[in-house]
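Worksheet for the structure shown next.
Atoms within a ligand are numbered from 1 in the order they appear, just like the ligands themselves.
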Amino acid sequence: MSPVSVIPPETLARVADALAALTRAGLPALEARMLVSHATGLSRVQLITQDTYGIDEAVRQQLSELAARRLAGEPMAYLLGDREFFGRTFKVTPAVLIPRPDTELLVEQALDRIEERDAPDVLDMGTGSGIIAITIALARRDACVWATDASADALAVAMGNAQALGAANLHAALGDWYGALAETDAPHVFDLIVSNPPYIAATDEHLGQGDLRFEPPSALTDHDDGLRHLRTIVSGAPACLAADGWLLLEHGYDQGEAVRALLTQAGFADVFTAQDLASHDRCSGGRWPTAKTPA
Ligand code: GLN
């Protein structure tokens with residue numbers, strides 16, 4: 001990593017000076033505004049209308065440190081401690097993947113599939129910060145949503161978000177994929193199973209770039225070919241889906257064909273792939289048929 005120019009805290013005496021110093025040090029103007037706003041507690045409008053506002057000693061120090069960490073590559077979401085998803089603010093920590101706008105596609109597809117079902121039972125495996133499970137739970141107050149994660153720290157973040165956002169219909173279980181549900185009072189079958197599992201192949205160079213360098217490796221990669229967890233989820237789904245229940249999975253832009261093949265081979269019907277805003281394959285799914293017809 002390139003050496004970081006430390007911004008002397010004494011140069012951050014007032015809002016206008018701080019914004020100028022952070023941008024001079026190489027931060028984009030938007031990020032400088034976000035960090036100054038976060039440290040001072042001033043809104044982004046106040047940064048403009050009160051730019052002579054004096055910043056006290058402790059806050060100058062904090063801002064200098066935040067800027068140095070950002071210049072060293074730490075993701076904005078971890079520095080600020082939150083990220084927007086589906087119009088809501090979710091707390092995030094380095095124990096969880098940073099929410100991606102791409103994942104809104106999976107949520108939209110999921111909500112469409114349960115639109116006609118009353119009080120659906122929903123399972124989100126590998127929930128991380130809980131964005132998928134909580135967004136579904138809030139959109140469908142009649143749903144019973146189970147969220148699992150293999151990381152206790154991640155599950156604590158998800159439960160904190162569920163509580164802060166008022167998702168009382170969300171239940172959590174710690175453990176690996178379907179195994180997490182053993183010894184819980186979760187339903188035996190679900191109307192909808194969703195997951196955004198770690199799907200980046202161990203050899204993918206993106207793991208060494210940008211925000212991904214700071215995210216939990218176990219939330220990003222399967223340390224294999226990228227399909228290991230997707231295979232586990234698909235193969236276990238038939239035993240856990242109600243008749244005509246749906247399985248929807250997020251995956252990499254180049255995994256659509258492979259995931260559709262897994263679903264078809266497992267006996268799913270209406271197998272599809274949907275594209276994200278960048279027109280990349282991002283989410284695939286299928287329906288577990290009422291009466292399975294021979295392939
Ligand atoms: N979509 C994320 C990325 O491309 C990866 C998320 C995941 O592995 N589930 O950075």
Exercise. Any idea which part of Leu97 is under 4.0 Å from ligand 1, heavy-atom wise: side chain, backbone, both or neither?
Worked result: side chain

For this session: Answer yes or no on whether Arg113 is positioned over the face of Phe272, meaning its NZ or CZ is under 6.0 Å from the six-membered ring centre and within 45° of the axis.
Result: yes

Contacting atoms of ligand 1, where contact means under 4.0 angstrom from a heavy atom of [X]:
X      : result
Leu220 : 8 (O)
Asn196 : 7 (C), 9 (N)
Pro197 : 7 (C), 8 (O), 9 (N)

Using non-hydrogen atoms of the residue, decide whether [X] is closer than 4.0 angstrom to ligand 1.
X      : value
Leu212 : yes
Gly252 : no
Glu250 : yes

Residue pair [X] / [Y], side-chain donor-acceptor N/O under 3.5 Å:
X      : Y      : result
Gln61  : Glu65  : yes
Arg260 : Thr273 : yes
Ser195 : Glu250 : no

Exercise. Does the N or O separation between Tyr199 and ligand 1 drop below 3.5 Å for any pair?
Worked result: yes

Exercise. What are the two closest non-hydrogen atoms of Ala186 and Leu181, and how far apart are they?
Worked result: CB-CD2, 3.9 Å

For this session: Keeping the roles fixed (side chain from Arg213, backbone from Gly210), state whether a donor-acceptor pair exists under 3.5 Å.
Result: yes

Problem set entry | Taking atom 10 (O) of ligand 1 as the reference point, the nearest protein heavy atom with its distance | Arg100 NH2, 2.8 Å

For this session: Considering only NZ, NE, NH1 and NH2 on the basic side and carboxylate oxygens on the acidic side, decide whether Arg100 and Asp102 come within less than 4.0 Å.
Result: no

